[in-house]
Amino acid sequence: MDVLHNLARLGFFAATLVTLAAAVMVVTLRNIFHCALALILVLLGVAATYISLKAEFFAVIQILLYVGAIMTLVIFAIMLTSRIGDKTVLQNNRQGLMSFSLLALFNAFFIGSVIKTSWHLNPAAMTANVDAGVLGAAFMNEYVFPFEIISVVLIVALVGAIILGRSDQ
Amino acid sequence: MFGFGVLKGMSVTLWNFILSYVYPKKGITTVQYPEQKKEVEERFRNFPFLVYEGAPDNMRCVACDICSKECPPKCIYIIPEKDAQGRVQKKPATFDIDYAICMNCGICEEVCPFDAIFMDHEYELAEYERLSSLLYHKEDLLKPVEHFAKIRPTDYGRIEATRAAKGVKGRAQPVAGAPPKPAETQQSPPATS
Amino acid sequence: MNAIPVSYYVIFSGLLFSIGLYGVLVRRNVIGILMSIELIINAANINLVAFSRYVAAKPETGQIFAAFVIVLAASAAAVGLAIVLSVYRNRRTIYTDEINLLKW
Amino acid sequence: MSDTAVHSQEPQLLEVSIGPQHPSTHGVFRMNVVLDGETIVKLKPVMGYLHRNHEQLAENMSYLASMPYTDRLDYICSMTNNFAYAMAVEKLAGIDVPERAQYIRVLMAELTRLINHTLLVGFLLNDLGAFFTPTLYAFREREKILDFFEATAGSRMMCNYFRFGGVKADLPAGGMEQVKEIVKNYSRFLDEFERLLTSNEILRSRCQNVGILSKELAVNASITGPILRASGVNYDIRKVDKYSIYDRFEFKVPLGKVGDVYDRYYVRILEMRESIKILQQLLKQMPEKGEILSAKGAAAAKSPRMWKPPAGDAYGRIESPKGELGFYLVSDGSPKPYRYHVRPPSFINITILEDMCLGQKVADAIVILGSVDIVLGEVDR
Amino acid sequence: METSESIFVVIKKAILGFFHGFLPDWTVVIISILISVTAIVIFGPVTMMFLTWLERKVVGRIQNRYGPNRAGIFGLLQPIADGVKMLTKEDIVPRAADKVTHFLAPVIVVIPALLVFSVLPFGRGMAAVNLNVGLLFFLAVSTMSTIAIFMGSWGSRNKFSLLGGMRAVAQMVSYEIPMVMSVVPVILVTGSLSMVSIVEAQLGGKWFVLTPWGFFGAIVFFLCGVAEVNRTPFDLPEGESEIIAGFHTEYSGMKFALFYMAEFMSAFAIAGLTATLFFGGWDGPLLPSWLWFLVKSYAMIFIMIWFRGTLPRFRIDQLMGFAWKLLLPFALLNIFVAALWQMLPAPKNLIVSGIAEAVILVIVFFASRKDSPKKRTYVFAD
């Protein structure tokens, strides 16, 4: 079954590459709607990454929430703020070169340090099964307080969004 | 309240659905056209045709041009025949009806003093080309009076009766002898177009 | 599958983060900036989930925090886009360099 | 680059041109709609795509030759168009109509009303988004009446049946039985129709309080027909003029209270029921035999190009299914009318479209247009 | 009986056994996956073709017509004729269109519609993938079609398309919520997100639809599902009488057919999911399990077509009101009722949850009475 594992790894790397390429598209494309579509591709790639981490539940949640909800919101905002016949205008400012070089520098250091680091792996965690039940139990027991707080935050945010987004009349 | 009106409506459609299977006579209204044809009514009128008696040469039309003048969309075009001396004969040389323009109103039939033009029942006249193929000439338009008797027996009976009463029998020969005067007096002179 | 070392995930998320940061720095369009922020958040989430799978004492911890992050991202997106819409309604633009008045 | 900092408080508007190629504009009608989201802030009806020069044509041909052209005004109700035109010419020339012909005329007019209202309700439901079922039920019933028209007049839609001073031909053999059958079954069909539609919550919520037309506006804009009566104005020319023999029948005029789409829908259903009542009385009263074309009329029909009405003018109007249909004729004594004018109910009723649509959703505009009941042949002429 | 019951499983095993003879293990796994994928990829379009025929037939019969009856016996070849016609049509791309998006949208819209079939249990042991988050997977993937519709409407650069796309997204996002909420009771009672275990929890006629919460949950879920796949009376995004065809106004030929295909496949998927969640999936006596599943799914499909044959369309604000004001509270309260059902012992729970459901119904009835349309009276003048 080694071949299958290798195939899976290959799939993972391909997904990673596609994700990164799509991410680059998100920040470089001129048409903002295309950027949003590329972002959806990124989110799906990230969901694939979660699957490779054996977090299927989380991957599905990622699709459901990010692609289903947040991206819909983003696209709606794009639709409402740009006219249908608009020409594509310059989307980037003139800080591109500087930002790129700084970030390249940062990444060089970052990747170097990551490769050098030896991680203290936890073999128990690597094989453990994390399904919806385990997550739910954790939410309801250990993390119940943050869970409640986050729900309050969400409600406040939604109410705030409604108030902000409401037209004046 | 909410939903019951919808359910009531849905019961109607379900009833029609079931009816179409158990009692197709009432539940289905489709006429399977090319195979099955709905019989047209006797008075149904589509496009006009010219009547002849016996031979196509013996047509009732005298080229009086009334129908062509009364025709609301002006789709009839008549040129009377002329003999060697250039005298106008009581017979059309050209009698064209543009079926593409004709609107089936039946006025030509009503105004014709000679009962020479009638509305046909033929309705399958589709053509690929609409200019020349729908322009019907005299030869295409001529049909025997028996055809008229077949498609509209009631009207045929009535019209023949009045014709007999007026003493008109067929159409006089264009040559030889004095032509019998038609009963109508307002017959206009043949067109000079 | 576990043969993929954790550093791959970290580098992946680092690159994603950098791209997102680049977007935040260079984008003029507010919605573009928000989308770049989503990239950054996703990079963080990958880290959380990956570390919880490889390093953490309990494998669900990271996922739970990632879930919190998603909720916060949703809130941020909702509020942020609402702000964008109201800015657009008032100013007819969503380009950061054109929103240059301190009041309207 | 972009339009920087336009300090306008206007919401973003979207201008949409609904029509002339659109599935539910009932022909080639066009509405220029300005939308705020889905709400209409401005609506401009654009018409004339089907203009055929009807009036000018009629002024250049004999009186009878216009008769088939009136069929094509409101091509769903050719019989009532004929009726109005025949009435105008009869007034002009002083032709009287024999008894039996009057009955046949009213019979045809009321059957036409049934056709029109049934079809209208079907199409209204199509505009509401139903997938053709009510329309096809309406067609199913209409077909029976059209069969009768074909048997009598020779044509299903373009009947060309009325003549000055009567009608073209008597009812065919078996015609009376056919009508009796239609009248008998029609109220059963209406029951089925109502079961399908009237209590349907979706239809009610879509139609109620949508496109309200106030009494005052309706009167001021000279709206006629079921739309006017749905707004609560009691005005039915059959009652007001008592033309033809309408004074011999007992019928009522249903009136709405709110004046919205639902009232217009239901007033029409009720009118159909009243029409059935008229037809039932008519079938009882109708004389078995009799003249169908007066002598004067026969002369006019035999040689239309020679027939000259006296100089003068006349306005003949009837309550067509869509409203007041009138023909105004001026004669200078020649065989052609000097002036020929149509008062088309569709055209005048459509003028208040914007007033009814403002502030409604775009889907409502379609429904309101459907409830006004226009036929483009009549609007554009 | 036994063979017909598991005929497809047996066939798959036989094929795999054949390949196992001479191929290494890992290829067998891949072949196994391929067989499932092929089965779904064939099943989806075939279902769609059959559904187009069925819809036209049923609607035709409702409208006193025959429906398609020319191509083949009972017109069964009509979908093929349609397909040929679609293929030979000109592929029109508007000049102003966003070409890439316009091209990708119909491709992308089919993918989620096909993907959701992978977790549906078509019969005993006949789910292509027994995912332990199957239900969530279904819901998550079906939201993806929103994006494709959006792409289509945006890419067409047509105002009608744009309106349709806006409507589609608003509608699908709104109906997602009561839909998920109406599924929660099922998850609550079965304690699993896997479709297979949900069906197994209902084996032996213990269908959830026979419980008070399940009955109303099924109604809510089905209505939401109908809205989710944009069918009458919730077909606003493509309401042809208002915005012509909504998001696919500018599509022709095969691209249009792909949208159509996606719509019908999702409709079938929703019907299948309703059957799985509330009607016991493939559970049933006598007939083989997969046939039971199909019978139940097609019963749901019939109801959808019946809706289509009867009902007019909602308006956008009414549609939103229906989701947020009626279905969502109802679905939320239904969770509570399901919890009651689960907590209480066997005979008591039926009564208690039944009463609770009745109370909820009465509350909803009175709460919605103000908004609901009225009966009217008319006066008659002489």
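First the proteins, then the strands, lettered A, B, ... as listed; each starts at 1. The structure displayed is predicted, hence computed values, not measured ones.
When the candidates D/Pro172, D/Ser62, D/Ala173, D/Ser155 are compared by the number of heavy-atom contacts under 4.5 Å with chain B, D/Pro172 comes out ahead. Interface summary for chain D: among B/Asn104, B/Val6, B/Thr154, B/Leu7, the most heavy-atom pairs under 4.5 angstrom belong to B/Val6. Ranked by heavy-atom pairs under 4.5 Å with chain B, the list D/Ile202, D/Asp147, D/Leu197 is led by D/Asp147. Counting heavy-atom pairs under 4.5 Å between each of B/Glu41, B/Lys8, B/Met119, B/Met10 and chain D puts B/Glu41 at the top.
Across all non-hydrogen atoms, the minimal contact from D/Asp127 to D/Gly370 is OD2-CA, 3.3 Å.
With a 4.5 Å cut-off on non-hydrogen atoms, D/Arg72 touches chain B through its side chain but not through its backbone. Neither the backbone nor the side chain of D/Asn60 comes within less than 4.5 Å of any heavy atom of chain B. For B/Cys71, no part lies under 4.5 angstrom from a heavy atom of chain D. Looking at D/Thr198, there are no atoms closer than 4.5 Å to chain B (heavy atoms on both sides), in backbone or side chain. Looking at B/Glu42, there are no atoms closer than 4.5 Å to chain D (heavy atoms on both sides), in backbone or side chain. D/Glu143 touches chain B through its side chain: at least one heavy atom from C-beta onward sits under 4.5 Å away, while N, CA, C and O do not. Of the atoms belonging to D/Leu64, heavy atoms from both backbone and side chain fall under 4.5 Å from chain B. Within the 4.5 angstrom heavy-atom criterion, only backbone atoms of D/Met158 (N, CA, C, O) approach chain B. Interface remark: D/Phe193 contributes no atoms to any contact with chain B (heavy atom separation under 4.5 Å). For B/Lys38, the part lying near chain D is the side chain, with the backbone staying farther off; criterion is any non-hydrogen pair under 4.5 Å. Only the side chain of D/Thr133 has a heavy atom closer than 4.5 Å to any heavy atom of chain B.
A salt bridge links D/Glu194 with D/Arg273; the closest basic N to acidic carboxylate O contact falls under 4.0 Å.
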Quiz prompt | Check against side chain to side chain donor-acceptor pair (under 3.5 Å), B/Thr13 and B/Asn16 | solution = CA-CA 5 Å; B/Thr13 44; B/Asn16 274 285; over 6 Å; no
Quiz item: Do B/Arg43 and B/Asp155 pass the salt bridge (Lys or Arg N to Asp or Glu O under 4.0 Å) test, and can you show the C-alpha distance, the side-chain angles, and the key distance before you say yes or no?
Solution: CA-CA 8 Å; B/Arg43 289 185 190 169; B/Asp155 286 344; 5.5 Å; no
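Checked by atom type, the side-chain pair D/Ser78/D/Asn81 shows no donor-acceptor distance below 3.5 Å. Between the side chains of D/Tyr186 and D/Thr118, at least one donor N or O sits under 3.5 Å from an acceptor N or O. The closest side-chain donor-acceptor pair between B/Asp96 and B/His137 falls under 3.5 angstrom. One side chain, B/Glu129 or B/Ser132, offers a donor N or O that lies under 3.5 Å from an acceptor on the other. A donor and an acceptor atom, one from each side chain of B/Asn46 and B/Asp120, are nowhere located under 3.5 Å apart.
Residues D/Tyr340 and D/Tyr85 bring their aromatic ring centres within 6.0 Å.
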